[in-house]
Amino acid sequence: MRWSLLALCGGLLLAGGVLAAGITAPVRLAAVPGAAATGTAVADKAELGRSIREYLISNPEVLVEAMQELERKQETQRDEVARKGVQANESELFRDPDSPVGGNPGGDVVVVEFNDYQCPYCKRAFQAMKSVLADDKNVKIIYKDLPILGEASRIAALAALASIKQGKHSALHNTLMEFSGKLDRDKILELAASVGIDRAQLEKDMEDPKLKQIIDRNMALASQLGVRGTPAFVVGKQFVPGAVDAATLKQLIADARKGQG
């Protein structure tokens, strides 16, 4: 918000500065027909600019109110983009056979999660989701790997997707999300081995070009929904950006069951 507020201030205050600069123009314009009227108009605009500047300095809360209104409009636009994106991409979101699944595969509410294994907010949301799943056994999770935080994120996503062949996705996913240290290829493979995954087979499976295609599809899908970072969720039909706590997740799931989400 700080940068947006500064931009707004700059845009409003610029009116005074730029318009005031025009006050030097009348001398050169005097010999041109109509220049006197033009000079008067410039002077009037300069005075208006000064008045605006003085008003904003005296009433800075106006800038805050304007910024809040701008953010509200942006959120409304974002929600509309996401709503249309969910409707247009239901098959890719909810019925992609290549997306790994957690929770109860037959659950009556589906939560789609866009996740990066290096994202601290994703790890926070993971703990919230873990708490929800402990209390609610009728929720299906669909994981959409979105490795946006560098090479280690990409390797972790490939390892997680490749682990499906060994029936170990949930084990590796949970281990990667619980891990709080620095990830690199060796550490990811070490964590995979720690949950009983055949490391050599995993490395071979990670080279499958299909896995990169899955990640690319996830990236395109995220763009369609207006996802700007991780984590991001679709609960029922409702798009929810950012980390959410357990109570919020439970309410979103309850709304989805009632057909409100």
Just how far is it from atom [atom1] of [X] to atom [atom2] of [Y], taken to the nearest 0.5 Å?
X: E190; Y: D184; atom1: CD; atom2: CG; answer: 9.0 Å
X: S163; Y: L191; atom1: OG; atom2: CG; answer: 12.0 Å
X: M219; Y: D216; atom1: CE; atom2: CG; answer: 7.5 Å
X: I142; Y: S99; atom1: CD1; atom2: OG; answer: 6.5 Å
X: I57; Y: E54; atom1: CD1; atom2: CD; answer: 7.5 Å
X: K187; Y: I155; atom1: NZ; atom2: CD1; answer: 14.0 Å

Taking the side chain as everything from C-beta on, heavy atoms only, tell me whether [X] gets closer than 4.5 Å to [Y].
X: N138; Y: R257; answer: yes
X: F94; Y: K140; answer: no
X: V139; Y: V111; answer: yes
X: D208; Y: K165; answer: yes
X: L183; Y: L176; answer: yes
X: L133; Y: N104; answer: no
X: M129; Y: V244; answer: no
X: V101; Y: I141; answer: no

Mind listing the closest non-hydrogen atom pair of [X] and [Y] along with its distance?
X: P100; Y: L161; result: CD-CD2, 3.8 Å
X: M206; Y: A162; result: CG-CB, 3.7 Å
X: T175; Y: S194; result: CG2-OG, 4.4 Å
X: I188; Y: A156; result: CD1-N, 3.6 Å
X: A157; Y: I215; result: CB-CD1, 3.9 Å
X: L225; Y: L93; result: CD1-CD2, 4.0 Å

Quiz prompt | Stepwise side chain to side chain contact (heavy atoms under 4.5 Å, CB included) test for D135 and K250 | solution = CA-CA 10 Å; D135 295 334; K250 288 179 180 178; 3.1 Å; yes
Give a yes or no on whether the backbone of [Y] and the side-chain of [X] come within a donor-acceptor separation of less than 3.5 Å.
X: D245; Y: T248; answer: yes
X: N59; Y: E61; answer: no
X: Q118; Y: L149; answer: yes
X: K137; Y: G107; answer: no
X: N89; Y: G85; answer: yes
X: N218; Y: K144; answer: no
X: Q166; Y: D198; answer: yes
X: N174; Y: S170; answer: yes

Practice problem: Evaluate the side chain to side chain contact (heavy atoms under 4.5 Å, CB included) criterion for residues D98 and R217: first the C-alpha distance (whole Å), next the side-chain angles of each, then the deciding distance (0.1 Å), finally the verdict. | Solution: CA-CA 10 Å; D98 296 321; R217 292 207 313 267; 3.2 Å; yes
Exercise. Report yes or no: do D255 and Q251 form a side-chain donor-acceptor pair below 3.5 Å?
Key: yes
Quiz prompt | Pairs involving residues 132-163, ordered by first then second residue, that meet ring-ring contact (aromatic ring centres under 6.0 Å, His included) (sequence neighbours left out) | solution = Y143-H169, Y143-H173
Self-check item: Residue pairs involving residues 191-229 (criterion ring-ring contact (aromatic ring centres under 6.0 Å, His included); sequence neighbours excluded)
Solution: none
Exercise. Pick out which of T230, D116, D145 makes a side-chain hydrogen bond (donor to acceptor under 3.5 Å, both in side chains) with S153.
Key: D116
Quiz prompt | L48 with Y55, same ILVMFWY side-chain cluster at under 4.5 Å | solution = yes
Quiz item: Is a salt bridge present between E151 and R185, judged by a nitrogen-to-oxygen distance below 4.0 Å?
Solution: no
Quiz prompt | Trace of the side-chain hydrogen bond (donor to acceptor under 3.5 Å, both in side chains) decision for Q127 with E178 | solution = CA-CA 9 Å; Q127 294 300 330; E178 295 279 5; 3.2 Å; yes
Practice problem: Applying side chain to side chain contact (heavy atoms under 4.5 Å, CB included), run through M177 and C122 and close with a yes or a no. | Solution: CA-CA 8 Å; M177 295 309 294; C122 294; 3.8 Å; yes
